[in-house]
Amino acid sequence: KEAILLVGGKGTRLRPLTVHTPKPMVPAAGVPFLTHQLARARAAGVEHIVLATSYLAEVFEPYFGDGSSLGLSIDYVTEREPLGTGGAIRNVASRLTSGPDEPVLIFNGDILTGLDIRALVTSHAASGADVSLHLTRVEDPRAFGLVPTDGTGRVTAFLEKPQTPEEIVTDQINAGAYIFRRSVIDTIPADRPVSVERETFPGLLASGAHLQGMVDSTYWLDLGTPQAFVRGSADLVLGRAPSPAVPGRCGDRLVLPTASVAPDAKLTGGTVIGDRAVIGEGARIDGSTVLADAVVEPHAVITDSLIGAGARIGSRTVLAGAVIGDGAHVGADNELRDGVRVWCGATLPDASVRFSSDQ
Ligand code: GDD
Ligand code: MG
């Protein structure tokens, strides 16, 4: 079995963490997020993976090599210009070894899910569909591809990120995992940008192709925003999200072996402390990710936040739902909340930002 992973997006919603690192390489539960997807694909019997890269393409191969450490054979294909999701799929066709009627798995590179990949393969074979799609239900589907189906699960429309209320016809969304009959991939136009969601799926439906949805309500999260990314990383540590690649945890936190944590620091809620990071005495960190070489000074209080590589958080500073870029320095006695982003390398002086008005 073989699979294509789409990992070429710019990860704009995750900035500044994606300024130097493509989204799939940002660490979740101690390893680049992509590792979890690769390990899950391998566990489902996938042996050959083609990574469709574009943005910061050069960092993938040095890390994963030929894939043998994960029991995989990995090929890398880089787009000269971003080709979009459909164009990226078409662009790797020459690397596929499957025959025209064989199934090819395709995954968005930012999805954390407990999807039973084997069940999707089985359902694909049983329905004889041209394309099978993993669907999930969400409360607010507007940021996703809406996929209504008939009583048999056959897809009746594909509405990517609907703009008008009339288009919100279902809470079933495209969960970012497909199986294409190999020959369908060859029908996507080559050498120009194509969106699989806006062009290929609607086009296939218009031409009468059989698209089959499989609703699966297991754990599912798109890690495209900082809030979702910290949540997903914590859920991996807490065992709520399944992955064979979590490097071992202790209770409800994960401290990488080269990190140094003061004995009275309190780490909870799936917090991850990266390589060589230093956590000072009395610090309290909940549901957060601290990347490699970051320093958290004594008595800082951090919740639901992402601290970039080599960043420094000053004493008694409070972070709640904040994103701190690589190498940034937040001085002591600051208070940053609710989606605040500090850019890579920026410096905030001591006691310069306060949230409450009574100071
Ligand atoms: N190689 C390559 N080239 N990959 C790309 C490109 C490109 O030009 N553009 C995007 N990708 C990759 C991204 O890296 C990501 O892994 C995947 O394609 C999807 O792109 P996102 O930017 O994350 O899309 P989205 O989250 O807004 O929407 C997509 O995912 C939703 C589920 O999370 C769509 O597929 C929606 O229909 C779906 O509901
Ligand atoms: Mg996404």
Side-chain angles (χ1 to χ4, degrees), residues 3-15 17-18 21-26 28 32-34 36-38 41 49-60 75-93 95 105-113 115 131 133-148 155 157-162 167-168 170-178 180 185 188 190-202 205 211 213 215-216 219-229 231-232:
I4 303 168
L5 253 107
L6 301 174
V7 294
K10 292 206 176 85
T12 45
R13 288 166 298 175
L14 256 190
R15 282 183 195 158
L17 289 168
T18 47
T21 311
K23 174 163 63 173
M25 294 302 283
V26 178
F33 173 67
L34 185 56
H36 301 292
Q37 282 190 310
L38 293 172
I49 298 241
V50 187
L51 287 187
T53 66
S54 171
Y55 177 67
L56 300 176
E58 63 282 1
V59 306
F60 292 94
D75 269 325
Y76 303 83
V77 179
T78 301
E79 294 144 40
R80 246 168 290 141
E81 300 292 327
L83 289 173
T85 45
I89 295 167
R90 177 65 180 85
N91 189 52
V92 306
R95 302 294 185 96
L105 289 145
I106 302 174
F107 299 104
N108 283 352
D110 59 348
I111 305 293
L112 181 58
T113 176
L115 167 72
V131 176
L133 300 90
H134 171 207
L135 309 180
T136 191
R137 291 202 167 86
V138 294
E139 229 160 80
D140 182 359
R142 287 175 298 177
F144 302 101
L146 271 59
V147 189
V155 174
F158 196 107
L159 305 151
E160 181 68 10
K161 302 192 180 115
E167 288 180 301
I168 304 173
T170 178
D171 62 354
Q172 281 179 188
I173 60 147
N174 166 25
Y178 324 119
F180 274 57
I185 293 176
I188 300 172
D191 298 321
R192 70 162 170 87
V194 177
S195 161
V196 79
E197 298 89 351
R198 295 179 195 278
E199 182 175 337
T200 311
F201 290 142
L205 287 169
L211 273 61
V215 182
D216 182 319
Y219 184 96
W220 185 87
L221 195 61
D222 175 330
L223 302 196
T225 64
Q227 295 79 355
F229 201 93
R231 179 78 263 142

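Indexing begins at 1, ligand by ligand and atom by atom, following the structure's order.
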Novice: With the side chain counted from C-beta on, respond yes when P148 and V155 share a heavy-atom pair under 4.5 Å apart, and no when they do not.
Specialist: no
Novice: Under a 4.5 Å cut-off applied to non-hydrogen side-chain atoms, are T113 and H134 in contact?
Specialist: yes
Novice: Keeping waters out of it, list the protein N, O or S atoms under 2.8 Å from the Mg ion (ligand 2).
Specialist: D110 OD2, D222 OD2
Novice: In terms of relative ring orientation, are F201 and F158 parallel, tilted or perpendicular, with 30° and 60° separating the classes?
Specialist: tilted
Novice: Using only atom types and a distance under 3.5 Å, with no angle test, would you say the side chain of W220 pairs donor to acceptor with the backbone of T136?
Specialist: no
Novice: Are the side chains of T21 and V59 in touch, meaning some heavy atoms are under 4.5 Å apart?
Specialist: no
Novice: Would you mind telling me which of E197, R198, E199 makes a side-chain hydrogen bond (donor to acceptor under 3.5 Å, both in side chains) with S195?
Specialist: E197
Novice: Can you list every pair where an N/O of ligand 1 is under 3.5 Å from an N/O on the protein?
Specialist:
unit_1   : atom_1 : unit_2 : atom_2 : d
ligand 1 : 1 (N)  : A52    : O      : 2.9
ligand 1 : 1 (N)  : E79    : OE2    : 2.7
ligand 1 : 3 (N)  : E79    : OE1    : 2.9
ligand 1 : 3 (N)  : E79    : OE2    : 3.4
ligand 1 : 4 (N)  : G8     : N      : 3.0
ligand 1 : 8 (O)  : L83    : N      : 3.4
ligand 1 : 8 (O)  : G84    : N      : 2.7
ligand 1 : 14 (O) : G8     : N      : 3.4
ligand 1 : 14 (O) : G9     : N      : 2.8
ligand 1 : 16 (O) : L6     : O      : 2.7
ligand 1 : 16 (O) : G109   : N      : 2.7
ligand 1 : 23 (O) : K23    : NZ     : 3.4
ligand 1 : 23 (O) : D110   : OD2    : 2.8
ligand 1 : 26 (O) : D222   : OD2    : 2.8
ligand 1 : 27 (O) : K161   : NZ     : 2.6
ligand 1 : 28 (O) : K161   : NZ     : 3.4
ligand 1 : 30 (O) : N108   : ND2    : 3.1
ligand 1 : 33 (O) : D222   : OD2    : 2.6
ligand 1 : 35 (O) : N108   : ND2    : 3.3
ligand 1 : 35 (O) : N174   : ND2    : 3.1
ligand 1 : 35 (O) : E197   : OE2    : 2.5
ligand 1 : 37 (O) : G145   : N      : 3.3
ligand 1 : 37 (O) : E160   : OE1    : 2.6
ligand 1 : 37 (O) : E160   : OE2    : 3.4
ligand 1 : 37 (O) : N174   : ND2    : 2.9
ligand 1 : 39 (O) : G145   : N      : 3.0
ligand 1 : 39 (O) : N174   : O      : 2.7

Novice: Could you check if a side-chain atom of Q37 sits within less than 4.5 angstrom of a side-chain atom of L5, using non-hydrogen atoms only?
Specialist: yes
Novice: Check whether any side-chain heavy atom of I106 sits under 4.5 Å from a side-chain heavy atom of Y178, and report yes or no.
Specialist: yes
Novice: Report the C-alpha separation of F144 and N174 in whole Å, then their side-chain angles, then the decisive distance to 0.1 Å, and conclude whether the side chain to side chain contact (heavy atoms under 4.5 Å, CB included) test is met.
Specialist: CA-CA 7 Å; F144 302 101; N174 166 25; over 6 Å; no
